[in-house]
Amino acid sequence: MKRNLLAAVCSLLGYYGSAQSGISGELKTEYIPFSSYIRPEDSVKTNSKSSFKRADLNLSIPLSIKKDSSGRIKAWSLMLSGSYAKMTHKDYEKQLFPDQMLNAQVGIQHMRPLGKKWSMMMTAAVGVYTDLDPINSDDILGQGGVLFIRHFNPNLALGGGPVLTTAFGVPMILPWIYFDWKTKGKIKFNINFPEGMEAGYLFSDKFALKAVVNLSGMTVERNKDGKSMLLGYQQITAGIRPELKLNDKLSLRLTGGTALLRSFSENDRKISSIFKDKKIADPKFASTFYAAVSLRWNLP
């Protein structure tokens, strides 16, 4: 269940890295073609296949930005995010996975310095996590958290704090860890846990080529035999990403590579589910091609 929560919180914290003076955001589309379903009972690759398409939109809208005497930023921002995924399934004896998944949420983010080396980031959001069949009050989940971040230098930060979630049906607190490290110069290396890592070369101010590994996912509530369940989708992708800076406000990213892992995990909405050992592995899919296109912007 930890990965289910991670999938929901990743989009919530997508823009915690820096406060912007204008509206910043990203529009991203992903495509994974049909790949074989691997049966969890015996890890056999079956003739059943599923494809995956997703569109993501994330926006960060500044509400208030102030600087202290040392130039550090204190800011309030409105966060809006939405992910819609469409899956197509072939040759299943019965339907195991949803055809559609929607995660949409709205939240507030607050960032402020705590001395010279520390900062704090607080978030709170509420959203709909649904398979659209149908949408009801059980699909509404709350997320929130507080991160205390230690800035060792401009390129290295480590943080941690509690995250509040209602994904289990009752409010509960889980730990959250944040790690961000990047290098300077033409050769770039960046680790941003839990989102992923990248290594690349900056050919010019306008163009960079990177090797990337990313973790992402979605969470939906669905009714199974009259019982509210949480279904988590996780994927790990790796590939090559050319990045083109179109102007001072827009950048384009193209990614091509492999979907190393795609899996589903299902749990009932109980706190004990997070600690329960599963008797069989989660259902997953064989590795296959992965492609993504994203447009990022930061308006003044």
Side-chain angles (χ1 to χ4, degrees), residues 1-8 10-11 29-56 82-104 127-141 167-169 214-239 257-270 272-292:
M1 187 62 215
K2 289 183 179 179
R3 287 183 297 173
N4 294 7
L5 178 64
L6 178 63
C10 272
S11 61
T29 59
E30 297 176 283
Y31 172 67
I32 300 176
F34 284 101
S35 63
S36 297
Y37 165 62
I38 299 177
R39 196 164 52 206
E41 297 93 325
D42 48 18
S43 298
V44 170
K45 184 185 293 187
T46 69
N47 293 324
S48 305
K49 296 181 178 181
S50 296
S51 66
F52 181 82
K53 301 174 184 177
R54 177 166 61 180
D56 295 320
S83 296
Y84 173 75
K86 174 68 174 178
M87 297 190 71
T88 303
H89 310 290
K90 289 183 178 180
D91 300 327
Y92 286 85
E93 293 182 1
K94 63 178 181 178
Q95 184 163 341
L96 300 177
F97 311 112
D99 295 326
Q100 303 176 86
M101 294 184 287
L102 174 67
N103 289 179
V128 176
Y129 302 83
T130 178
D131 59 358
L132 300 171
D133 187 30
I135 299 177
N136 55 45
S137 59
D138 288 334
D139 299 324
I140 300 175
L141 303 176
F168 298 95
N214 288 110
L215 167 67
S216 64
M218 300 182 73
T219 298
V220 299
E221 186 278 340
R222 65 177 184 171
N223 188 283
K224 185 176 182 180
D225 300 326
K227 188 176 183 180
S228 178
M229 305 287 290
L230 289 178
L231 182 71
Y233 169 79
Q234 303 90 28
Q235 69 179 33
I236 299 176
T237 60
T258 302
L260 299 174
L261 173 68
R262 290 194 298 147
S263 65
F264 279 95
S265 59
E266 187 175 59
N267 293 276
D268 56 28
R269 300 179 65 165
K270 295 180 180 178
S272 58
S273 296
I274 195 171
F275 305 107
K276 184 172 59 177
D277 292 331
K278 293 188 176 181
K279 296 180 181 180
I280 59 175
D282 292 328
K284 58 184 179 179
F285 302 90
S287 299
T288 187
F289 175 73
Y290 169 82

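Treat the numbers as computed from the prediction; the structure is a model and nothing was measured.
Legend: residues meeting salt bridge (Lys or Arg N to Asp or Glu O under 4.0 Å) with Glu221, ordered by chain and number and at least two apart, are absent. Shown here are the ring pair (Phe, Tyr, Trp, His ring centres under 6.0 Å) partners of Phe285, two or more places apart in sequence or in another chain: Phe97.
Side-chain contact between Asn223 and Asn136 is absent, with no heavy-atom pair separated by less than 4.5 Å. A heavy-atom distance below 4.5 Å is not found between the side chains of Pro33 and Ser51. Taking 4.5 Å as the limit, some side-chain heavy atom of Gln235 sits within range of a side-chain heavy atom of Thr237. Between Ile135 and Val128, the closest side-chain pair of non-hydrogen atoms falls below 4.5 Å. Within the 4.5 Å cutoff, no side-chain heavy atoms of Thr288 are placed close to those of Phe52.
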**Message:** The test is side chain to side chain contact (heavy atoms under 4.5 Å, CB included); show your working for Met101 and Met87 and say whether it passes.
**Reply:** CA-CA 8 Å; Met101 294 184 287; Met87 297 190 71; 4.2 Å; yes
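From Phe264, atom CZ reaches atom CD of Glu266 across 10.0 Å, with rounding to the nearest 0.5 Å.
In the model, Ser50 has no side-chain atom that pairs as donor or acceptor with a side-chain atom of Arg262 under 3.5 Å.
No more than 12 heavy-atom neighbours from other residues, nucleotides or ligands sit within 6.0 angstrom of NZ on Lys53.
Listed by first and then second residue, the salt bridge (Lys or Arg N to Asp or Glu O under 4.0 Å) pairs involving residues 38-52 are Arg39-Asp42 (not counting sequence neighbours).
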